[in-house]
Q: 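Sharing a structure here in structure tokens format.
Naming: A, B, ... by sequence-line order, numbering from 1 per chain.
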Protein chains: 2
Amino acid sequence: MGNANRQPTTISDIARLSGVSKRTVSRVINNSPKVGKATREKIQSVIDELNYRPNAQARGLAAGCSYLLGLIYDNPDGLYIDEVQRGVLSVCRGLGYELVVHPCDWRSDTLTSEAIGFVNRSKLDGVIVLPPISEDNDLAGAFRKAQVRYVRLAAIALDTADRVVIANERSAVAAMAEYLVNLGHRRIGYIAGPEGRKSTRERLEGFCDALAKHGCAPCEDMIARGAYTFESGIACARTLLERPEPPTAIFASNDEMAAGVIYTAQEMGMKVPGDLSVAGFDDSMLATKIRPSLTTIRRPVREMARLATKKLIASIDGREDEARVGVFLDPVLIIRDSTRSIHWWREVNSHPEGS
Amino acid sequence: MGNANRQPTTISDIARLSGVSKRTVSRVINNSPKVGKATREKIQSVIDELNYRPNAQARGLAAGCSYLLGLIYDNPDGLYIDEVQRGVLSVCRGLGYELVVHPCDWRSDTLTSEAIGFVNRSKLDGVIVLPPISEDNDLAGAFRKAQVRYVRLAAIALDTADRVVIANERSAVAAMAEYLVNLGHRRIGYIAGPEGRKSTRERLEGFCDALAKHGCAPCEDMIARGAYTFESGIACARTLLERPEPPTAIFASNDEMAAGVIYTAQEMGMKVPGDLSVAGFDDSMLATKIRPSLTTIRRPVREMARLATKKLIASIDGREDEARVGVFLDPVLIIRDSTRSIHWWREVNSHPEGS
DNA sequence: ATGAAAGCGCTAACAG
DNA sequence: CTGTTAGCGCTTTCAT
């Protein structure tokens, strides 16, 4: 009160008003243990009273860091991005980090140099990389060479434990396969994502392996290749359903395509789930807003983002051991109205007999 | 070549290697005109050769800026957020600015102090504020008092021209009203958003005024109050459709609620658009993925974000006149399959007779 | 047109 | 436990 100065408070003000040196104030700011209790409290009270906040630029310049994290992605799914950002920020809060976002073009030849430039320009302390860019090992290599800390979100183990957080999609799709088999389905269609992504293969293999394990011949001609779009879901559904022996269930590897499948089936006069069970992947906003609501798989996106951020900050702080804990997170199978037992009126026993 | 040093190049390196002082290098970096042509070229060549990039932290600390913009919002719609971010970044690119994101809680009592803290901590050069927080005049006032530059995205003119970009929602909903009237509808239901937001009122008034202008008694008992959710759309639709004289068309003030209306109508055995026309607002991803596809209104979100960013940076650069140009952007009416003439088999003449 | 020198606000040896 | 003293890399008066 009184000196309502326009100039923001600095560490020198705090030092002067507390009757100590800047060094000691600095210690309090940085939670150094080597400060007397009384001194610390005195300083803290002055800090609180003036609502002092250290200047991150100056801090960074002196300490060689920025308290800035970066988020690098080329993913058209705004909901996924938003979810990740909120997860990241939920752990940044209180740790004093801020998040700088960087959507970019996966296919650009300058992806790597741009990414490095992004990090250097703002002196980012670390970056989190989202799929599908996270699958780019060249980029990861460039980061390592440039001494840029990073953590990737992925579906498979493509880096060391301190640099990756993995949604165990293989086990998730396996659970889906089992679920469908237990519902009595034997002819099960699969709509894959675009080629070239590792997670596409991971989901497909995981699904087929699980089917095989349950005695269903791996689904060779029951596989269609989509593009993660509604329209491609329609096209693939048509292909699958026009076969002489059409599937009784279709698992599309994302919700948009699954929505396309339901639409197509209904257009063709089939009832979902009566004549055809349909399942998706993502638990997107679509899942509960189409009829029937969609059985799907939900990745713990926000949790993954939180974990990735914790790892990254642990690594920045030099707590390398902590940066290594926790890698795999399990997606969960969400059963809604688009799937049904093939003989639902008979009450199928759904206990798996093997294992 | 040769001195592949791990230390990043600094301005001093450039100065030494070019045989000039740091001051002159600084002039070149900042495009000062007062540098001899020969000197400039010499320095530039050294800069290029070493691929030197000035340290943004140091630059900011010395110059009192950060080349960082902030984005403040409390909006659950991830797609909207993502769209805005991409818009903002598309103009940041090349101007050397980065974007720091800050989702927060609208209702928190500490919203203002947190927002100011956010800006001060990272010494942001300016912030863009999204609805509904952008409607908070206390926050805006606090920003002005704290000398924080900002631009708000909004639906009404709640600030000076250099501080706001407006989607003309009033004219957009008026166009929708006109469209529905021209289809022959007279009993038109309206599902409003939650109270307390100015844009809620703006849309409602704009719609009713337009109806009145076309001779439809303003829709008093045809108005239901939703919450921008699918479920609330269902509830409101039920209310509206169970009236003795149900509407022949319903305009829901966002797509989610419109989807709920379509769902409910179909549940009740009505055909959309045969028995009931339905329209939404947002052109969300839902719009093309439900059946029938949704007639709706699309705001130029990305364009608004771009314009807001241009204004903000113009203001930062002191080009105040430039910061004032362009305020209103027009949403567009998108006609799909969920609306139809009330007498569609008769070929209604859709030319408005007034005007 | 160019340079010398004083900081921006903070951290970090290195004493004491 | 606390203070002194240099910088971090850049901008910016003020001279020349």
Q: It should be established whether B/Ser26 places a side-chain nitrogen or oxygen under 4.0 Å from OP1 or OP2 of nucleotide D/dC10.
A: no
Q: Hey, does B/Lys311 have a side-chain heavy atom less than 4.5 Å from the side chain of B/Val151?
A: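 A side-chain contact under 4.5 Å exists here.
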Q: Taking CZ from B/Arg16 and P from D/dG9, how many angstroms apart are they, rounded to a whole number?
A: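 About 12 Å, once rounded to whole Å.
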Q: Give the rounded distance in Å between these two atoms: CD of B/Gln57 and P of D/dG9.
A: 10 Å
Q: Can you tell which of C/dT2, C/dG9, D/dC10 lies closest to the side chain of A/Ile11?
A: C/dG9
Q: Could you give the CD1-to-C1' distance, from B/Ile14 to D/dT11, as a whole number of Å?
A: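 Atom-to-atom, B/Ile14 to D/dT11, this comes out as 16 Å.
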Q: Could you list all N or O pairs between the protein and nucleotides 3-5 of chain C that sit under 3.5 Å apart?
A:
| residue | atom | partner | partner atom | Å |
| --- | --- | --- | --- | --- |
| C/dG3 | OP2 | B/Ser21 | N | 2.9 |
| C/dG3 | OP2 | B/Ser21 | OG | 3.2 |
| C/dG3 | OP2 | B/Thr24 | OG1 | 2.7 |
| C/dG3 | O6 | B/Arg27 | NH2 | 3.0 |

Q: With a 4.0 Å cutoff (strictly under), does any side-chain N or O of A/Asn55 reach OP1 or OP2 of C/dC8?
A: no
Q: Measure the distance from CG on B/Asn30 to C1' on D/dC10 and round it to the nearest whole Å.
A: 9 Å
Q: Which nucleotide sits closest to the side chain of A/Lys34: D/dC10, C/dA1, D/dT2?
A: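 The listed nucleotide nearest to A/Lys34's side chain is D/dT2.
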Q: Could you tell me whether the side chains of A/Asn30 and A/Ser32 share a donor-acceptor contact shorter than 3.5 Å?
A: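 On atom types as modelled, these side chains do not qualify, holding no pair under 3.5 Å.
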Q: Specify the separation, in whole Å, of atom NZ of A/Lys37 and atom P of D/dT2.
A: 13 Å
Q: Look at B/Arg59 and D/dT11 and indicate whether a side-chain polar atom (N or O) is within less than 4.0 Å of OP1 or OP2.
A: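 So the side chain of B/Arg59 is within the cut-off, an N or O lying under 4.0 Å from OP1 or OP2 of D/dT11.
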Q: Hey, is the side chain of A/Tyr67 poking within less than 4.0 Å of OP1 or OP2 on C/dC10, counting only N and O atoms?
A: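 Looking at the OP1 and OP2 atoms of C/dC10, neither is under 4.0 Å from any side-chain N or O of A/Tyr67.
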Q: Please check if any side-chain donor atom of A/Asn137 sits under 3.5 Å from a side-chain acceptor atom of A/Arg152, or the reverse.
A: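 Looking only at side-chain atoms, A/Arg152 and A/Asn137 do form a donor-acceptor pair, the distance falling under 3.5 Å.
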Q: Quickly work out the A/Leu61 CG to D/dC8 C1' distance and round it to whole Å.
A: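 Taking atom C1' of D/dC8 as the reference, CG of A/Leu61 is at 4 Å.
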Q: Contact between B/Ile72 and B/Tyr150 at the side-chain level, heavy atoms closer than 4.5 Å - yes or no?
A: no
Q: Find the distance A/Arg53:CZ to C/dC10:P and express it as a whole number of Å.
A: 12 Å
Q: May I ask you to decide whether B/Asp321 forms a salt bridge with B/Arg324, counting only side-chain N to carboxylate O separations under 4.0 Å?
A: no
Q: Out of D/dT2, D/dC8, C/dT2, which has the shortest distance to the side chain of A/Ala62?
A: D/dC8
Q: Should B/Lys37 and B/Glu41 be marked as a salt bridge (Lys or Arg N to Asp or Glu O under 4.0 Å) after you check the CA-CA gap, both sets of side-chain angles, and the distance that decides it?
A: CA-CA 6 Å; B/Lys37 190 163 181 296; B/Glu41 279 167 0; 3.1 Å; yes
Q: Please report the C-alpha distance between A/Asn55 and B/Leu61 in whole Å, then the side-chain angles of each, then the deciding distance to 0.1 Å, and finally whether the side-chain contact (heavy atoms from CB on, under 4.5 Å) criterion is met.
A: CA-CA 9 Å; A/Asn55 178 328; B/Leu61 181 58; 4.2 Å; yes
Q: Under 4.0 Å between a side-chain N/O of A/Thr39 and OP1 or OP2 of D/dT2, yes or no?
A: yes
Q: Ignoring the backbone of B/Pro54, work out which of D/dT12, D/dC10, D/dC8 is nearest its side chain.
A: D/dC10
Q: Within this structure, what is the NZ-to-P distance between A/Lys123 and D/dG9, rounded to whole angstrom?
A: 9 Å
